[in-house]
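Here's the structure we're looking at; comments come further down.
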Amino acid sequence: MKPSRPELESSEAGAPVGGAAPRPASNFIRDIILEDIRTGRFGGRVHTRFPPEPNGYLHIGHAKSICLNFGLAAEFGGKCNLRFDDTNPTKEESEYVESIIRDVRWLGFDWEDRLYYASDYFDQLYEWAVQLIKAGKAYVCDLSPEEIRAYRGTLTEPGRESPYRNRSVEENLALFERMRAGEFPNGARTLRAKIDMASPNLNLRDPVMYRILHAEHHRTGNTWCIYPMYDWAHGQSDSIEGITHSICTLEFEDHRPLYDWFLDQLGIHHPQQIEFDRLNLTYTVLSKRKLATLVERGYVRGWDDPRMPTLAGLRRRGYTPEAIRNFCARIGVSKTNGIVELGLLEHCLREDLNKRAPRVMAVLRPLKLVIENYPDGVVEEMEAINNPEDPSMGTRKVPFSRVLYIERDDFREDPPPQYYRLAPGREVRLRYAYFVKCTGVIKDERTGEVVEIRCTYDPATRGGNAPDGRKVKATIHWVSAAHAVEAEVRLYDQLFTRPIPGGEEDGRDFLADLNPNSLEVITGARLEPSLRAAEVGSRYQFERLGYFCVDPDSTPELPVFNRTVALKDTWAKIEKALKARQE
Ligand code: ATP
Ligand code: MG
């Protein structure tokens with residue numbers, strides 16, 4: 001898998017952000033649906049579903065599927081259901097169900113009253129299994145799971161028939177009933193479809209339909225001790241709900257003949273299954289098993305850790321639903337698996353936040369700056385623009401006084417070439433305020449570290465321009481020391497150091513590629529006072545630093561901010577280069 005860059009023409013450059021979901025570029029799934037509408041197949045209906053298994057939190061890959069299923073339904077005036085594929089009792093938890101409901105809503109989609117569970121269909125599935133037994137199409141098998149695997153054959157060798165394959169219908173019915181009644185221990189027997197042990201498609205070699213599992217289910221409790229396999233439940237669940245287009249990821253292509261076989265044997269409504277490529281992202285893992293490992297072993301603080309690619313994590317990080325929907329529209333769908341660059345997701349986020357996030361001034365690593373000729377005790381209110389991209393967002397007042405904090409990085413005692421910010425003897429502009437000139441520094445006697453900068457200001461430069469036309473090479477941000485709000489700021493980096501964590505071929509452990517520096521906590525940051533009561537979840541651009549968002553860990557005494565994303569946009573550069581090459 002090489003990182004692929006969607007062609008500019010086929011991606012929706014400039015797709016609308018904010019408000020309505022962007023319309024995805026045309027693709028093969030839309031073409032199939034359009035053709036079905038034209039021919040009147042399914043009576044012109046379009047009905048899709050998003051079918052998560054509640055065994056983890058939703059991630060950005062699920063968002064692709066959600067946007068696709070809900071988006072297509074909306075585009076064609078159809079419906080989309082939310083259905084929990086909860087056939088596996090030991091793994092599923094209500095916490096996951098609740099998080100999934102919250103996250104799909106947050107992304108901006110509505111299933112109205114169509115929230116379903118595969119477990120709602122357990123009775124119907126059981127009856128259909130009995131129907132197949134009566135038709136001689138299913139049998140109770142006493143082979144152990146290991147034996148079933150051994151009998152299954154390989155891609156190059158046909159399987160062997162189970163010695164129990166030719167039981168009579170009566171015997172099968174009686175045994176299946178006894179399985180249901182709880183007479184046998186876990187794994188003692190299965191119900192299998194009677195298809196073809198020599199089929200080149202392994203999924204058709206008498207697949208297991210039911211297994212015995214004495215386990216409590218989050219919804220059906222102890223009603224059942226046999227549970228349907230995913231392959232037996234999935235297609236029939238779609239059929240029961242009248243789904244027209246059953247959209248799933250490519251690994252289910254080989255299962256389609258089995259789903260077709262079940263539906264045809266039962267003679268029930270037969271949706272069209274369409275497969276598309278799973279989303280893979282560089283520097284990211286999107287397998288629920290791997291994400292669960294990160295949580296369980298404490299490599300992250302939880303499913304909603306801002307470094308996680310889960311929707312809960314992205315939300316906490318400061319992602320907007322609009323940015324994620326726009327990303328999903330831009331990556332499109334295809335019939336081959338590839339990998340999308342994380343930079344594209346971040347680019348979509350910046351594009352959205354640039355328009356919406358108010359600009360503010362914040363100093364992450366404060367260095368004290370004293371203006372010697374500025375009167376003590378005076379406070380001026382400087383007018384600052386909230387967002388130059390959107391004049392309707394207005395202006396605000398920022399207090400200015402004799403003692404300020406500036407960013408430690410914005411001062412060098414011995415400035416290297418190309419460094420234009422503050423240095424001894426040098427003049428710079430304080431954003432929205434005055435020109436100041438550095439007259440000296442005060443150092444810690446013991447360590448030699450600069451602890452304070454002394455400056456003078458030019459009262460004639462109020463607002464940031466000199467009447468005599470003299471220029472400065474840098475504008476730096478600041479906060480007034482007496483007015484500043486102290487905060488904790490959490491800076492995040494990629495969770496993994498390699499584009500494909502664990503690599504592809506060598507079977508290395510993905511945990512070996514964890515980035516040990518994915519979180520840096522800064523205490524003692526100083527923010528302009530307008531951020532004192534910033535609401536949890538609200539997003540800002542800290543001028544010159546990046547986009548930040550208020551974390552739920554915030555308290556009135558100590559606000560906590562997450563860095564959502566830095567300002568530098570590598571993807572914008574890639575796009576520019578691509579465009580230049582095309583011209
Ligand atoms: P995992 O392999 O991580 O357990 P899954 O596919 O089993 O993921 P489900 O809860 O079954 O997870 O997924 C619900 C839906 O989301 C499925 O239709 C699946 O195809 C889709 N989906 C899951 N992961 C991705 C992905 N990375 N890209 C696109 N769609 C995905
Ligand atoms: Mg699954």
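Remember, it's 1-based here, ligands and their atoms both numbered in the order they're listed.
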If we only count heavy atoms from C-beta on, is the L115 to I101 side-chain gap below 4.5 Å? yes
K335/E275 ion pair, N-O < 4.0 Å: yes
Going by the atom numbers of ligand 1, which of them fall below 4.0 Å from some non-hydrogen atom of L286? 3 (O)
Can you name the one residue among E216, H214, H217 that meets side chain to side chain contact (heavy atoms under 4.5 Å, CB included) with N222? E216
Atoms in ligand 1 flagged as close to P51, the criterion being non-hydrogen separation under 4.0 Å: 14 (C), 18 (O)
Could you tell me whether the side chains of N81 and E241 share a donor-acceptor contact shorter than 3.5 Å? yes
Using a 3.5 Å cut-off on N or O atoms only, is T249 in polar contact with ligand 1? yes
For ligand 1, find out whether one of its N or O atoms is nearer than 3.5 Å to an N or O atom of F276. no
Near-ring test Y96/F84, centroid separation under 6.0 angstrom: no
Counting heavy atoms only, which of E53, R278, R49 comes nearest to atom 6 (O) of ligand 1? R278
With a 3.5 Å cut-off and no angle check, do the side chains of Y227 and N88 form a donor-acceptor pair? no
My understanding is that only residues two or more places apart in sequence, or in another chain, count here; which of them pass side chain to side chain contact (heavy atoms under 4.5 Å, CB included) with V295? V300, W303, M308
I247-ligand 1 polar pair, N/O distance under 3.5 Å: no
With heavy atoms only and a cut-off of under 4.0 Å, state how H59 meets ligand 1: side chain, backbone, both or neither. side chain
Short N/O distance, under 3.5 Å, between K288 and ligand 1? yes
Before you tell me yes or no, could you show the steps for S246 and R49 under side-chain hydrogen bond (donor to acceptor under 3.5 Å, both in side chains), namely the whole-Å CA-CA distance, both residues' side-chain angles and the distance that decides it to 0.1 Å? CA-CA 7 Å; S246 172; R49 83 286 173 269; 3.2 Å; yes
If you count the atoms of ligand 1 from 1 in the order shown, which ones are under 4.0 Å from a heavy atom of S287? 3 (O)
Mark the output for F252 as yes if a heavy-atom distance to ligand 1 is under 4.0 Å, and as no if none is. no
Quick note on ligand 1: atoms under 4.0 Å from a heavy atom of P52 include exactly 10 (O), 14 (C)
